[in-house]
There are 2 protein chains.
Amino acid sequence: MSEATSGTRPTLEAVAARAGVSRATVSRVVNGGAGVREALVLKVRKAVEELGYIPNHAARTLVTRRNGAVAVVIAEPELRIFSDPFFERQLRGISRELASHDAQLVLLWVEGPEDHERIVRYLGGGHVDGALAFSLHDDDPLPGLVRGIQVPTVFGGRPGWTAGADEPATPYVDCDNRGGARDAVRHLRALGRSRVAHIAGPADQTSALDRLAGYRDELPYEETALVAQGAFTEESGARAMTELLDRRPDLDAVFAANDLMASGALRVLRERGLRVPDDVALVGFDDMLPIAEATEPPLTTVRQDVEGMGRLMVRLLMRLLDGGPGVEPVVTPTALVRRASA
Amino acid sequence: MSEATSGTRPTLEAVAARAGVSRATVSRVVNGGAGVREALVLKVRKAVEELGYIPNHAARTLVTRRNGAVAVVIAEPELRIFSDPFFERQLRGISRELASHDAQLVLLWVEGPEDHERIVRYLGGGHVDGALAFSLHDDDPLPGLVRGIQVPTVFGGRPGWTAGADEPATPYVDCDNRGGARDAVRHLRALGRSRVAHIAGPADQTSALDRLAGYRDELPYEETALVAQGAFTEESGARAMTELLDRRPDLDAVFAANDLMASGALRVLRERGLRVPDDVALVGFDDMLPIAEATEPPLTTVRQDVEGMGRLMVRLLMRLLDGGPGVEPVVTPTALVRRASA
DNA sequence: CTGAAAGCGCTAACAC
DNA sequence: GTGTTAGCGCTTTCAG
């Protein structure tokens, strides 16, 4: 492939010498070659090829203050989600978009407080141009840390805090949780259901709160009592469903804040001999495919474009990095996907 | 926290000025402070604190030629496995061990040939000190690429190629697939089973081949015909089981090359009305928990310490980076886990 | 034990 | 167009 002079790697200098030009010219060619005579470009390219030259990253970063890498900060809780199609898809969107911007993805995996110092040092040390973080729990110390350092960051999911009046708005990407929830409930009511229950997600996550709010938007206040607390897991969905049934045996519809809980609810419904959707109509949220399509009956649910949201996070960050001020949060639309459960 | 002089970040120079010492001294303190008078150390530490100084990574790398980051190269096929607890656990082991070495994990996610150039440029550009790669398929071009660049690399899983006579041995970490398979078959025979079938994994993966070899080790040649080809998926396990049953309705034991295929096989066995383990004893491989314990009956299987293997990969790489030559492959032991299926 | 000085490899003004 | 010249922020001999 090249005279991989196995010792030290060739530098710009070496290429310049070989091509018989100055370092500056080589640098120009390597960086696009704009404004360099064609003949020289060719000569330099040839030298680069022959020497197997690859620009030294650190040196370049030192002067440009850019390093073409973006950190994705994930905290332990999200990691559980690794096996979760949800996170994988978001990460995939991020990775793809990053690649198209020729940027690298650095995974910062935070397992506990003992990792914080390392993370801060890393983010602050200029290893990356920016960061992508997820704001799952209100009490997660991470967002605060990231804000402490002055590193451009875009969040996945609406953060639970509100920026101070003087601070710029926190850029984030989230789907329209509230609107999606409204659609779900409206759909259920359009089906003629009048006792619509809700299985809510954890109260410290904005996505859960927003979905709950959407549910309430669509119902007269007194019906709102039909809410049971879940934790976004299959198991918790089953428990919540049991509780709901005990409280209101005559309920005829359920909107679960995610598909996992919906599938748990479905299990209980079946065990109790209730038919879905005939006796109880059921709508989930996420359209997490392996789950939503595999249940019996398949779930009617609210789809969010997870991969697209990942890509969007990157685009937002890039805009932020290009000094573009006024980067506003982005809320992506959801879509009701009708299957058999409602 | 500090006088985060919001403009540019403080440099070594600034700290030196504030502490009234030279840059060299600050550098020494920042890097451990060996051989610096206690009083000065304190002064410098104070200045660092007050200024919120964080060393510039690029500058440091430029001179030390080390950057405290390690790339994990994963190709698309492995990514499927992301939703697979297996890969997550390995990655977790890697991440943990890396953290304990104060190194960062850079995720290189290769989706196709179009990414190769970028990867090579990245690995060659000195962004990372070394790389961790997985050698799943024989025809995967990635290992070759990685070898092309001169970047220290440790593989997960025994690579399918053999190093040239002059080349140093390829360092890798793998579990004792062959030995584990032997244990599985021996266990089945100890149970008195005499017609032991095998559901093999893809022929282009060394783990599958090694397990197949282990199976053959334990059986007289003529019984060896009881092998059906699978693809490490639940579905393929079911298909293979069907085929096996058609060929030898009287088989009394099955060793599947992984738990996923074992669960597929189990499904078919049950559908055919065969009792496990009474009629057919079944052993899997991996001890992938969510699967192995959830089946009915739970799977007897061969456990490998996936997280430990991840950690080991990092340790091996670190030794490689420390210039230690003669880094040999590591094969970790497996253990038969008895549950109810055999 | 501490400081001065010389780069690491590259880019970006600024001349020519 | 192309070359010259300063650094980017840090570590590391080498003197003192």
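Labels below follow one simple rule: chain letters A, B, ... track the order of the sequence lines, proteins then strands, and each chain is numbered from 1. All values below come from the heavy atoms of this structure, side chains included, with hydrogens, waters and symmetry mates left out. This structure is a prediction, so every number in the text was calculated from the model and none was measured.
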Minimum-distance pair of heavy atoms, taken over all atoms of B:L321 and B:R66: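 Looking at all heavy atoms of both residues, the closest pair is O-NH2, 3.2 Å.
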Whole angstroms only, please: what is the [atom1]-[atom2] distance between [X] and [N]?
X      : N      : atom1 : atom2 : result
A:E13  : D:dT4  : CD    : P     : 11 Å
B:H57  : D:dC10 : NE2   : P     : 12 Å
B:R9   : D:dC8  : CZ    : C1'   : 15 Å
A:L62  : C:dG9  : CG    : P     : 12 Å
A:N56  : D:dC8  : CG    : C1'   : 13 Å
B:H127 : C:dG9  : NE2   : C1'   : 14 Å
B:L12  : C:dA4  : CG    : P     : 14 Å
A:K43  : D:dG1  : NZ    : C1'   : 14 Å

Pairwise side-chain contact, A:T332 with A:D305, heavy-atom cut-off 4.5 Å (strictly under):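 When only atoms from C-beta onward are counted, A:D305 and A:T332 do not touch, as no gap falls below 4.5 Å.
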Heavy-atom side-chain contact between B:I74 and B:F134 under 4.5 Å: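 Yes, their side chains come closer than 4.5 Å.
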For [N] and [X] - does any side-chain N or O of the residue sit under 4.0 Å from the phosphate oxygens OP1/OP2?
X     : N      : answer
A:R60 : C:dT11 : yes
A:N31 : C:dT11 : yes
A:T25 : D:dT2  : no
A:R23 : D:dG3  : no

Carboxylate-amine/guanidinium contact B:D322 B:R319, below 4.0 Å: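 Looking at B:R319 together with B:D322, the answer is no, because their closest N to O distance does not fall below 4.0 Å.
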Backbone of A:L132 reached by a side-chain donor or acceptor of A:T153 within 3.5 Å: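 The answer is no, because no donor-acceptor pair under 3.5 Å joins these two groups.
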Among [options], which nucleotide has an atom closest to any side-chain atom of [X]?
X     : options              : answer
B:T11 : C:dG9, C:dT11, D:dG9 : D:dG9
B:A59 : D:dG9, D:dT11, C:dT2 : D:dG9
A:V63 : D:dT4, D:dC8, C:dC8  : D:dC8

Touch class at under 4.0 angstrom, heavy-atom based, for B:V21 against every strand present: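 Contact class for B:V21: sugar-phosphate only.
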Nearest-nucleotide 5' precedence on DNA chain C, B:S22 against A:A58: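 This one resolves to B:S22.
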Base of D:dG3 paired with side chain of A:R28 (donor-acceptor, under 3.5 Å):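 Present.
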